[in-house]
Amino acid sequence: MVNKKAKGRVGHIVLLIVLGLLALVMFYPIYNQLVISLTGNEYIAQADGTTIIPRGITLQTYSSVLSIPKVYRGLLNSLFITAVGLVVNVVLTSMGAYVLTKRDLFGRNFFMVLIVITMIFEGGLIPDYFLMKDLHLLNRYASVIMYKAVNPYYLIILMRFFDRVPTSLIESARLDGSSEMRILFSIVIPVSVSGIATISLFYGVFHWNEYFRAMIYLTDEMKYPLQVILRELIISMEKASFVGATNYLQMSTTAVTLDFKAIKAALIIIAIVPILIFYPFVLRFYVKGRLQGAVKE
Amino acid sequence: MKLKKEQLKRQLYRDRYLYLLFLPVLTFFIIWHYIPIWGARIAFQDVKYVGKNVWVGFKHFKVLFSSPVFFRVFMNTIAISAMKIFLCFPLPIILAFLLNEVRSHNYRKIVQSIIYLPHFLSWVVIAGIFISLLQAPDGVINQIIGFFGVKPISFMTSTKHIRWVFVWSEVWRSIGWDSILYIAAINNIALELYDAATVDGASRWQQAFKITLPSILPTIITVFILNLGFFMNAGFDQVFNMMNDAVINHVDIIDTYVYRIGLGKGNYSLGTAAGLFKGVIGLFLILSTDKLSRKVTGEGVW
């Protein structure tokens, strides 16, 4: 009996170690980038995948990287696209979800089918591109902001939150003569804060991480969001076509002779930081939202 | 009949502002989703720069199906997807089981918070991280295998390894996130079942296999079926950001082909045809897996 208990305890410790190692495997690659980005220029040559403590800690790499016009423009573009996109997304999705939560609305089922079809079938990349061209949205922020402005999955998730708002609350407001717009924005949305938070995070992460549509719709480099710049640096660097950007670096006033490895690491960290800032909220709402809605996003 | 019409009219009038509120959303869906679906007709046309496009029937599909490149791309898609399902599907289930056995609530929360993180990173960032992780000779993986006397391997440019890089980076990104559904399913199991089993003297292993597994089987089946439904998406963002010229023949999938042929080389009709072909297979897979799901679990995918 005692033996069995001891065996169970050893088993549990092994389990904890295995899971701890897994967490390490998930975390270490990101941490390594942080270390490299903080390493002082004189030590950067020795810093590699196994460096655990940065030597000559400095924020020099960050300040230099952020002084590259392409990069700081990219950061501002990303913030702009994410912020404006988020407002458009949340307003439109709320309006859609609010109307569709009214079960006895004539034509509701038809609207639902119309929306569900878009979840399983799409025109595709090239027709999407031609649409932007025909709407004269190419090289405009609007093309990226409006892309997937209402995500059908998120719409359905929000509907589940709106469903929980007591009908009596809405009906009595209607009797008082409040307009539908007013009911939505001053009753339904305020009592569904967690639903709004959930889809805001969904959309926010989507916009912040989006690079592909920006890459193909926008032609002016100065309009690129951070992810596109990052992609240019990371992917192109491996192919030595990064030389152009290096010249750029040397032209900028604050630039010292920066190491590529460090630039890349700093940019990766910059792209992760906003996610980390919102991570407590992400854990609180996003994870639950996943369970609320469709299995796949 | 007349009464019904009258009633409908009244209802429509009553809800007029709701329709007004819905109008922007509807307009959005028509413009951003349905116009492109209609736009996909260029797969059956020759694009003319002057004048109207000409209908050519299945011409581009014929070109596509007789193209060895497309055949390779198609097979790559299937191979990469299959490899991913093979590992990315079972691992989160195992993880959920392991997490469930942890007795310390705080320890479990900390582990969970860390392992969900990669899911929120873009594939651009993940590609950057993995390229540096797998670099030869100073990336951490090469340092580790070097410690055991293995010569450095340039994983990203090795045709032998690149698909496994895809699989493992996908596991890295999604194992924690995908375990959430199973963890929730396990949490929903009535505790009395375990109490009764403990009284009967069942071991932890027996409990896991005789209670937990059967209880979450419907979830497992639903997720598997859904994975099948999205089989043709071998992971565009991942492949697009991780591929390079050295391995392109081994990793080029339908979606990257559509981009390269269509937007890259301006062969719009052929690219759209390839995309449409993939879309139709996907649609067929989703509809049939939905049917399968209804049969097996009694619940549809939707």
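Every heavy atom of this structure was used, including side-chain atoms; hydrogens, water molecules and symmetry mates were not. In the text below, chain A, chain B and the rest are named by the order of the sequence lines, each starting its count at 1.
With a 4.5 angstrom heavy-atom cutoff, Phe28(B) touches chain A only via side-chain atoms. Tyr34(B) touches chain A through its side chain: at least one heavy atom from C-beta onward sits under 4.5 Å away, while N, CA, C and O do not. Looking at Tyr268(B), both its backbone and its side chain come within 4.5 Å of chain A, counting heavy atoms on both sides. Only the side chain of Leu283(A) comes within contact range of chain B, with at least one heavy atom under 4.5 Å from a heavy atom of that chain. When heavy atoms are compared at a cutoff of 4.5 Å, Leu137(A) approaches chain B solely by way of its side chain, counted from C-beta outward. Looking at Leu92(A), the atoms closer than 4.5 Å to chain B (heavy atoms on both sides) sit in the backbone and in the side chain alike. Contact of Leu24(A) with chain B is not made at all, since no heavy-atom distance falls under 4.5 Å. Proximity to chain A is limited to the side chain of Ile42(B), based on heavy atoms less than 4.5 angstrom apart. Met146(A) touches chain B through backbone and side chain together, each having a heavy atom under 4.5 Å away. With a 4.5 angstrom heavy-atom cutoff, Lys102(A) touches chain B only via side-chain atoms. Of the two parts of Val150(A), the backbone and the side chain both hold a non-hydrogen atom closer than 4.5 Å to a non-hydrogen atom of chain B. Heavy-atom distances place no part of Phe130(B) under 4.5 Å from chain A, backbone and side chain included. Only the side chain of Tyr211(A) comes within less than 4.5 Å of a heavy atom of chain B; its backbone N, CA, C and O stay farther away. Within the 4.5 angstrom heavy-atom criterion, atoms from both the backbone and the side chain of Leu16(A) approach chain B. Contacts of Ile110(B) with chain A are absent, with no heavy-atom separation under 4.5 Å from either backbone or side chain. Of the atoms belonging to Leu117(B), heavy atoms from both backbone and side chain fall under 4.5 Å from chain A. When heavy atoms are compared at a cutoff of 4.5 Å, Leu26(B) approaches chain A solely by way of its side chain, counted from C-beta outward. Heavy atoms closer than 4.5 Å to chain A are found in both the backbone and the side chain of Glu101(B). Looking at Leu230(A), both its backbone and its side chain come within 4.5 Å of chain B, counting heavy atoms on both sides. Only the backbone of Glu122(A) comes within contact range of chain B, with at least one heavy atom under 4.5 Å from a heavy atom of that chain. Using a 4.5 Å cut-off between heavy atoms, Pro118(B) touches chain A through its side chain atoms alone. Within the 4.5 angstrom heavy-atom criterion, atoms from both the backbone and the side chain of Leu18(B) approach chain A. Heavy-atom distances place the side chain of Val282(A), and not its backbone, under 4.5 Å from chain B. Of the atoms belonging to Asp134(A), not a single heavy atom falls under 4.5 Å from chain B. Leu20(B) does not touch chain A: none of its heavy atoms, backbone or side chain, sits under 4.5 Å away.
Counting heavy-atom pairs closer than 4.5 Å to chain B, the top-ranked of the candidates Ala271(A), Gly20(A), Gly124(A), Ala149(A) is Ala149(A). When Phe106(A), Tyr129(A), Tyr28(A), Tyr147(A) are compared by the number of non-hydrogen pairs under 4.5 Å with chain B, Phe106(A) comes out ahead. For the options Ala43(B), Ser113(B), Gly275(B), Gly39(B), heavy-atom pairs under 4.5 Å to chain A are most numerous at Ser113(B). Ranked by non-hydrogen atom pairs under 4.5 Å with chain B, the options Leu15(A), Val205(A), Thr93(A), Val25(A) are led by Leu15(A). Of the listed residues Asn241(B), Val140(B), Ile129(B), Leu133(B), the one with more heavy-atom pairs under 4.5 angstrom with chain A than any other is Asn241(B). Looking only at heavy-atom pairs under 4.5 Å with chain A, the residue among Leu121(B), Val111(B), Asp255(B) that has the most is Leu121(B). Heavy-atom pairs under 4.5 Å with chain B were tallied for Leu184(A), Ile272(A), Leu276(A), Leu267(A); the largest tally goes to Ile272(A). Ranking Asn32(A), Val228(A), Leu114(A), Ile117(A) against chain B, the residue ahead of the rest is Leu114(A), based on heavy-atom pairs under 4.5 Å. When each of Tyr17(B), Trp32(B), Tyr116(B), Trp38(B) is checked for heavy-atom pairs under 4.5 Å with chain A, Trp32(B) comes out on top. Taking Val102(B), Thr219(B), Ile35(B), Leu276(B) one by one and counting their heavy-atom pairs under 4.5 Å with chain A, the maximum is reached by Val102(B). The most heavy-atom pairs under 4.5 Å with chain A, out of Leu95(B), Leu283(B), Ile175(B), come from Leu283(B). Among the candidates Trp208(A), Phe27(A), Phe121(A), the residue making the largest number of heavy-atom pairs closer than 4.5 Å to chain B is Phe121(A).
Using modelled atom types, no side-chain atom of Asn209(A) and backbone atom of Trp123(B) make a donor-acceptor pair closer than 3.5 Å. For the pair Ser78(A) (side chain) and Leu226(A) (backbone), a donor-acceptor distance under 3.5 Å is present. Side-chain N or O atoms of Ser178(A) include one that pairs as donor or acceptor with a backbone N or O of Ala173(A) at under 3.5 Å. Under the 3.5 Å distance criterion, the side-chain polar atoms of Lys261(A) are left unmatched by any main-chain donor or acceptor of Ile36(A). At least one donor-acceptor pair closer than 3.5 Å links the side chain of Ser269(B) to the backbone N or O of Gln45(B). A donor-acceptor pair is defined here as one N or O able to donate and one able to accept, closer than 3.5 Å; such a pair exists between the side chain of Glu210(A) and the backbone of Phe212(A). For the pair Asp128(A) (side chain) and Gly123(A) (backbone), a donor-acceptor distance under 3.5 Å is absent.
Taking CG of Leu181(B) as the reference point, atom CD1 of Ile220(B) lies at 11.0 Å (rounded to 0.5 Å). Atom CD1 in Ile131(B) sits 4.5 Å away from atom CE in Met156(B) (nearest 0.5 Å). In this structure, Phe22(B) CZ and Phe29(B) CZ are separated by 7.5 Å, a value rounded to the nearest 0.5 Å. Atom OH in Tyr98(A) sits 14.5 Å away from atom CG in Leu155(A) (nearest 0.5 Å).
When the shell of 6.0 Å around CZ of Arg182(A) is examined, it contains 12 or fewer heavy atoms from other residues, nucleotides or ligands. Remark: Phe278(A) CZ is loosely packed, at most 12 non-hydrogen atoms of other residues, nucleotides or ligands lying under 6.0 Å away.
A salt bridge links Asp104(A) to Arg14(B): at least one charged side-chain nitrogen sits closer than 4.0 Å to a carboxylate oxygen.
When every heavy atom of Ser179(B) is checked against every heavy atom of Pro92(B), the shortest pair comes out as CB-O, 3.5 Å.
The ring of Tyr154(A) has its center no closer than 6.0 angstrom to the ring center of Phe206(A).
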**OP:** Take Asn233(B) and Lys278(B) through the test side-chain hydrogen bond (donor to acceptor under 3.5 Å, both in side chains) and record every step on the way to the result.
**Re:** CA-CA 9 Å; Asn233(B) 300 340; Lys278(B) 184 205 140 201; 2.8 Å; yes
Subject >> Stepwise side-chain contact (heavy atoms from CB on, under 4.5 Å) check, Met112(A) with Met159(A) >> reply: CA-CA 11 Å; Met112(A) 281 309 291; Met159(A) 277 172 64; 4.1 Å; yes
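A side-chain N or O of Thr50(A) and one of Asp48(A) form a donor-acceptor pair less than 3.5 Å apart.
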